[in-house]
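When a ligand or atom number is given, it counts from 1 through the structure's own listing order. The basis for the numbers below is simple: all heavy atoms, side chains too, and nothing from hydrogens, waters or symmetry mates.
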Amino acid sequence: MMRRIGILGGTFDPIHWGHLEAGLAAETALDLTQMLVITASVPPHRPQPVTSSYHRFAMVAMAVAGRAGWRATDLELRDDARSYTSRTLQKFHERGYGPSELFFVIGSDAFADIASWKDYPSIAGASHFVVVARPGFPTRDLPHRLPELAKRMARPPLEPAALDEPLILLLDAPTANVSSTAIRDRCARGESIAGLVPDGVRQHIEQHGLYASMPPRRRASDARRGTAAGGLHGQD
Ligand code: ATP
């Protein structure tokens with residue numbers, strides 16, 4: 001049988017149950033043999049992360065601990081360059097993985113923007129994409145939004161031979177209606193995040209005071225300016 005490698009990428013600032021449930025849904029629906037969870041360094045098109053790569057990677061490592069086949073991967077963090085999905089997939093190809101062995105797991109909100117990604121449209125054939133519905137972003141809208149990719153979209157279960165060529169696999173599995181932004185806001189207001197992230201992640205956030213002293217919805221521009229509200233206060 002071919003290897004089926006799941007890749008779950010994100011800023012993970014912090015990782016939460018929505019991410020993990022998307023990965024679990026993909027793992028089950030496509031019978032994945034491994035799940036590599038890749039923390040992004042400096043994501044393009046996005047505000048800079050609030051928390052250091054070290055803390056974000058540590059939280060991912062805690063979230064995957066004890067999950068058979070799941071691993072935290074520092075592939076993007078070891079690279080000075082910005083994290084582009086096309087570069088990440090290229091690294092897998094250089095290591096001998098074929099596009100149809102790779103299953104890039106992504107939320108439907110993020111996939112809807114694929115036409116603006118680096119190396120579009122070729123990137124759409126660099127791996128399978130497992131597009132998991134994010135609450136409020138049903139996958140049924142995607143064929144209309146991305147008509148040029150519609151003929152490659154399919155819904156599991158599929159015959160194994162159908163996966164010989166990279167596809168866009170639409171999954172409507174339920175995932176927690178949570179975002180990293182909402183978790184940061186709750187921390188900043190001193191509210192509990194129990195049940196929104198794995199318990200080890202919650203403890204790490206509390207022990208280090210991550211996100212604690214930020215006003216709600218503080219974005220990257222503040223961190224870059226180094227304003228009093230920004231950056232290091234309350235974190236170690
Ligand atoms: P932020 O709130 O900081 O924008 P986020 O919660 O969207 O963060 P990211 O790290 O940016 O998290 O997301 C990584 C990937 O996980 C993206 O593909 C995103 O679509 C997906 N994802 C995040 N939350 C969910 C969710 N609740 N259900 C399904 N997919 C999700």
Side-chain angles (χ1 to χ4, degrees), residues 6-29 35-53 55-61 63-64 70 72-73 75-77 82-86 88-89 102-117 123-124 127-142 145-146 168-188 193 195-198 201 205 210-211 214 216-223:
I7 300 172
L8 183 61
T11 319
F12 301 134
D13 192 19
I15 192 164
H16 55 66
W17 277 114
H19 299 128
L20 296 166
E21 287 172 356
L24 288 163
E27 182 183 37
T28 306
M35 182 65 72
L36 305 179
V37 187
I38 303 185
T39 307
S41 45
V42 183
H45 320 307
R46 290 281 307 253
Q48 294 295 295
V50 170
T51 309
S52 75
S53 322
H55 278 304
R56 292 183 295 111
F57 181 85
M59 293 188 280
V60 169
V64 303
W70 287 55
T73 305
L75 189 78
E76 292 186 356
L77 297 176
R82 304 201 302 175
S83 306
Y84 287 106
T85 300
S86 72
T88 300
L89 293 173
L102 303 172
F103 293 75
F104 192 90
V105 182
I106 180 163
S108 50
D109 59 321
F111 186 78
D113 294 331
I114 190 170
S116 69
W117 291 12
I123 188 171
S127 73
H128 295 287
F129 284 84
V130 188
V131 183
V132 184
R134 187 165 183 171
F137 297 88
T139 60
R140 67 169 180 273
D141 294 348
L142 290 171
R145 183 161 172 146
L146 298 163
I168 296 158
L169 300 153
L170 306 181
L171 270 192
D172 277 326
T175 58
N177 189 8
V178 56
S179 68
S180 299
T181 305
I183 290 168
R184 294 193 300 271
D185 288 355
R186 291 186 74 88
C187 291
I193 55 165
L196 303 180
V197 299
V201 173
I205 290 171
L210 304 184
Y211 316 115
M214 293 183 310
R217 300 201 175 270
R218 187 181 71 85
R219 300 309 297 205
S221 49
D222 299 325

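Near Ser180, the atoms of ligand 1 lying under 4.0 angstrom from a non-hydrogen atom of the residue are 1 (P), 2 (O), 3 (O), 5 (P), 6 (O), 8 (O), 12 (O). Interface of Ser179 with ligand 1, defined as ligand atoms under 4.0 Å from a residue heavy atom, comprises 2 (O), 6 (O). Near Val178, meaning under 4.0 Å from any of its heavy atoms, are these atoms of ligand 1: 24 (N), 27 (N). Under a 4.0 Å criterion applied to the non-hydrogen atoms of Thr181, ligand 1 contributes the atoms 1 (P), 2 (O), 3 (O), 4 (O). Each of the following atoms of ligand 1 lies closer than 4.0 Å to a heavy atom of Phe12: 10 (O). Atoms of ligand 1 lying under 4.0 Å from at least one heavy atom of Ala110, given by number and element, are 18 (O), 20 (O). Ligand 1 places these atoms under 4.0 Å from at least one heavy atom of Ala176: 26 (C), 27 (N). Close approach to Gly10 involves these atoms of ligand 1, each under 4.0 Å from a residue heavy atom: 10 (O), 14 (C).
The side chain of His16, and not its backbone, has at least one atom closer than 4.0 Å to an atom of ligand 1 (non-hydrogen atoms only; side chain from C-beta on). At a 4.0 Å heavy-atom cut-off, ligand 1 does not touch Ala40 at all. Here Ile106 has heavy atoms under 4.0 Å from ligand 1 in both its backbone and its side chain. The part of Thr175 lying near ligand 1 is the side chain, judged by heavy-atom distances below 4.0 Å.
For the atom pair CG (Leu210) and NE2 (His55), the distance works out to 5.0 Å, reported to the nearest 0.5 Å. Rounding to the nearest 0.5 Å gives a distance of 11.0 Å between CG of Leu102 and OG1 of Thr88. Here the CD1-CG distance, from Ile168 to Leu142, works out to 9.0 Å after rounding to the nearest 0.5 Å.
For a threshold of 3.5 Å applied to N or O pairs, the pair formed by Gly107 and ligand 1 contains at least one separation below that value. Taking distance alone, with nitrogen or oxygen atoms compared against 3.5 Å, Ala133 stays at or beyond that limit from ligand 1. Below 3.5 Å of separation, one finds no N or O of Asn177 facing any N or O of ligand 1.
Residues forming a ring pair (Phe, Tyr, Trp, His ring centres under 6.0 Å) with Phe111 (at least two apart in sequence, or on another chain): Phe129. Partners of His19 according to the ring pair (Phe, Tyr, Trp, His ring centres under 6.0 Å) rule, which considers only residues two or more places apart in sequence or in another chain, are Phe12, His16.
No side-chain donor-acceptor contact under 3.5 Å links Thr175 to the backbone of Ala22. With Ser116 contributing its side chain and Asp113 its backbone, the two residues share a donor-acceptor pair below 3.5 Å.
Ranked by closest heavy atom to atom 20 (O) of ligand 1, the top entry among Asp109, Asp13, Asp185 is Asp109. Across the listed options Glu21, Arg56, Arg134, Arg184, Arg134 owns the non-hydrogen atom lying nearest to atom 23 (C) of ligand 1.
Ile7 places none of its side-chain heavy atoms less than 4.5 Å from the side chain of Val105.
Using modelled atom types, one finds no donor on one side chain facing an acceptor on the other under 3.5 Å when comparing Thr39 with Glu76. Side-chain atoms of Ser180 and Asp13 form no donor-acceptor pair, as typed in the model, at a separation below 3.5 Å.
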Apply side chain to side chain donor-acceptor pair (under 3.5 Å) to Thr139 and Ser108, showing your working.
CA-CA 6 Å; Thr139 60; Ser108 50; over 6 Å; no
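Judged by the shortest distance from any of its heavy atoms, Gly9 lies inside the 4.0 Å radius around the atoms of ligand 1.
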